[in-house]
S.K.: 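Below is the structure I would like to discuss, written out as structure tokens.
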Amino acid sequence: MYQDCHTVWNSCLRLIRNNIGEQSYNTWFAPIVPQSLENNVLTIQVPSQFFYEWLEENYVHLLKQAIDNELGPGGKLQYSVIVDKGNEQFKPKTVSLPTGKPQPKRNFAGNNNGQSGGGTDLKEIDYKSPFQRKVLGGDDQVSHLNPNYVFSSFIEGDCNRLARSAGLAVAERPGATSFNPLMLYGGVGLGKTHLVQAIGNEIKDGPHNKFVLYVTSENFTNQFIEALKVNNVQSFSNFYLQVDVLIIDDVQFLSGKEKTQEIFFHIFNHLHQSGKQIIMTSDCPPRELKGLQERLLSRFKWGLTADLQQPDLETRMAIIARKMENDGVYIPTDVVEYLANSVDTNMRELEGVLISLLAHASLNRKDIDLELAKATLKNIVQDIETEVNIDYIQKVVAAYFNITQDMMTSKSRKRELVVARQVAMYFAKEYTNHSLKSIGQHFGGRDHSTVIHAVQSVDDMMETDNKFKHSVQELTRKLKKRTLV
Ligand code: ADP
Ligand code: MG
């Protein structure tokens with residue numbers, strides 16, 4: 001009797017559907033497209049390699065049983081895997097993978113409870129895990145979003161226009177725009193977390209009924225490590241695979257963490273393939289993310305990358321005014337302007353200053369005026385100065401230029417060492433109270449004229465070499481970060 005692949009696959013699906021939960025069915029079987037039936041071999045198309053592995057690891061017996069039922073014992077199943085997107089986006093490549101072969105165990109899918117082989121006792125894997133927060137059709141989803149971070153409290157300026165409008169577009173049609181993933185990057189305190197959480201809140205409160213999850217990459221890593229420890233990695237990844245909108249903050253923390261990157265890569269692929277939205281932030285542009293696997297970096301480029309820059313004076317003033325308004329506090333315009341002028345790189349620092357200012361005003365029962373603002377700021381700025389010392393500068397600069405601290409203070413006059421050394425001297429002069437002589441001593445006993453020359457060279461190079469200037473600005477941000485968070 002002639003049978004076509006659709007009829008056969010539909011019959012298989014009926015059996016499968018009767019044996020597993022609805023959610024697993026929708027996740028793992030609904031997206032499969034039957035492709036051909038030739039010589040008793042049914043070929044089905046699956047969206048990714050990961051998908052294939054997951055099916056083979058968890059549902060191989062069920063699939064085998066279905067094929068046996070439909071095609072008899074000689075029947076075979078073959079997978080056609082759409083090769084991950086990227087360059088070959090429009091050319092799905094087919095790899096034929098025979099079913100039933102025991103796969104090398106992957107650590108994210110270690111549980112094989114489903115492998116019982118017999119007809120009636122084929123059960124849905126029973127995940128009892130701390131990650132299993134979303135129940136079928138249930139609403140006990142924990143998004144970890146801060147309800148204060150919304151679009152209406154996010155001030156728009158030239159510095160964030162692209163990021164903000166991309167964020168709005170994503171919030172309106174999560175997973176359905178070309179901004180997937182949406183990657184926002186920028187220095188510390190420039191509003192990345194606020195913006196991505198605003199997107200999350202907007203989606204969560206909107207009509208979509210989507211499971212939004214916010215997680216810092218640090219927490220993601222810790223959860224993963226915990227799952228490894230208790231042999232529960234499958235539940236971990238299973239949990240993440242249910243998410244409709246995954247917001248992962250500060251991906252730079254994944255650098256060097258190979259195993260965490262591995263699992264993130266798979267989760268990323270799966271979610272992306274299933275049209276789920278991924279939103280990420282990083283403190284630097286993706287190309288500068290060190291210690292991240294190339295294949296992960298290339299994924300980040302699929303969607304839109306937008307930067308958040310330092311807000312200009314007016315935007316900073318608007319941010320201050322809005323914050324104070326939210327707290328029901330009035331600050332005179334001259335104070336707002338003074339603060340906006342004094343703190344220009346980091347909005348979180350600005351927030352810290354405002355809180356101190358409020359505290360001083362209420363403790364001393366004083367109105368907030370320019371005098372109080374100046375006194376408060378002075379304390380904070382002094383704190384900052386005492387925290388950055390030459391040792392720290394040397395470490396940060398050495399790491400940036402990929403050399404050791406010993407090389408920096410050595411006698412060597414190799415070009416790349418000299419530049420790094422000069423930059424570190426420049427920062428030592430800028431950010432510490434050390435005399436030129438003392439700075440020279442910290443750099444392998446050099447004299448004060450070497451330090452003067454270094455500062456001059458850095459100034460000159462910043463004038464003439466844009467790339468170099470960018471490096472110095474980047475380092476400035478890194479140095480300030482330590483003092484301000
Ligand atoms: P990042 O994640 O980039 O380090 P955050 O999102 O934590 O920065 O922002 C630091 C603080 O500054 C937050 O309290 C945030 O609300 C505030 N902030 C930053 N940019 C803006 C903005 N454009 N409008 C309003 N508040 C902002
Ligand atoms: Mg942040």
Side-chain angles (χ1 to χ4, degrees), residues 143-168 170-171 181-202 213-222 246-255 279-286 288-289 305-327 329 331 336 339-340 342-359 380 384 473-474 476-485:
S143 288
H144 300 287
L145 290 166
N146 176 343
N148 295 322
Y149 286 149
V150 286
F151 277 107
S152 59
S153 62
F154 189 81
I155 304 287
E156 183 178 358
D158 288 341
C159 54
N160 58 36
R161 206 174 310 282
L162 174 65
R164 184 179 169 278
S165 26
L168 276 171
V170 165
L182 176 63
M183 166 68 130
L184 304 182
Y185 72 90
V188 69
L190 295 184
K192 301 183 294 296
T193 299
H194 187 142
L195 192 50
V196 293
Q197 292 226 7
I199 303 171
N201 277 315
E202 186 85 9
L213 183 75
Y214 169 88
V215 65
T216 62
S217 67
E218 227 171 348
N219 275 345
F220 180 86
T221 306
N222 292 339
L246 178 63
I247 304 173
I248 176 148
D249 206 357
D250 289 321
V251 290
Q252 72 274 6
F253 285 118
L254 294 180
S255 75
I279 303 166
M280 294 177 290
T281 74
S282 146
D283 71 349
C284 61
E288 284 173 24
L289 278 168
T305 303
D307 66 335
L308 288 157
Q309 290 169 354
Q310 288 171 14
D312 54 28
L313 181 70
E314 288 76 11
T315 310
R316 296 200 298 276
M317 287 178 66
I319 292 174
I320 299 174
R322 176 67 57 84
K323 294 257 176 236
M324 292 290 102
E325 215 178 278
N326 286 349
D327 285 347
V329 178
I331 306 195
V336 173
L339 293 173
S342 312
V343 185
D344 58 358
T345 52
N346 181 331
M347 294 307 102
R348 194 175 307 144
E349 177 194 358
L350 196 57
E351 224 170 22
V353 172
L354 290 173
I355 292 168
S356 299
L357 196 55
L358 286 176
I380 294 175
I384 293 168
Q473 285 170 342
E474 187 70 30
T476 309
R477 245 181 274 150
K478 283 187 197 295
L479 287 168
K480 285 196 167 177
K481 195 161 32 173
R482 134 105 176 223
T483 65
L484 303 172
V485 286

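Every number for a ligand or one of its atoms is a count from 1 in the order of the listing.
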S.K.: Find out whether Asp283 and Val188 are in side-chain contact, i.e. whether some heavy atom of one side chain is under 4.5 Å from a heavy atom of the other.
M.R.: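 No, too far: nothing below the 4.5 Å cut-off.
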S.K.: Quick one: does Asn146's side chain have a donor or acceptor within less than 3.5 Å of a partner on His194's backbone?
M.R.: no
S.K.: I'd like to verify the contacts: list protein N, O or S atoms under a distance of 2.8 Å from the Mg ion (ligand 2).
M.R.: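 Atoms qualifying: Thr193 OG1.
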S.K.: Answer yes or no: is there a side-chain heavy-atom contact under 4.5 Å between Leu358 and Met324?
M.R.: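 With C-beta onward as the side chain, the pair touches.
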S.K.: Assess the side chains of Thr216 and Asp250: does a donor N or O sit below 3.5 Å from an acceptor N or O?
M.R.: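 Looking only at side-chain atoms, Asp250 and Thr216 do not form any donor-acceptor pair under 3.5 Å.
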S.K.: Are Phe151 and Arg164 close enough that some pair of their side-chain heavy atoms sits under 4.5 Å apart?
M.R.: yes
S.K.: Would you say the side-chain atoms of Asp307 pair up with the backbone N or O of Gln309, donor to acceptor, closer than 3.5 Å?
M.R.: no
S.K.: Only one of Pro285, Pro286, Cys284 forms a side-chain contact (heavy atoms from CB on, under 4.5 Å) with Ser282, so which one is it?
M.R.: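 Only match with Ser282 under side-chain contact (heavy atoms from CB on, under 4.5 Å): Cys284.
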S.K.: Any side-chain heavy atom of Arg316 within less than 4.5 Å of one from Ile319?
M.R.: no
S.K.: Could you tell me if Tyr149 and Asn201 have a donor-acceptor pair between their side chains, going purely by distance under 3.5 Å?
M.R.: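 There is no such pair (donor and acceptor under 3.5 Å, judged by atom type) between the side chains of Asn201 and Tyr149.
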S.K.: Please output the residues near ligand 1 using a strict heavy-atom distance under 4.0 Å, listed in chain and residue-number order.
M.R.: Tyr149, Ser153, Phe154, Ile155, Asn160, Gly187, Val188, Gly189, Leu190, Gly191, Lys192, Thr193, His194, Ile319, Lys323, Met347, Arg348, Glu351
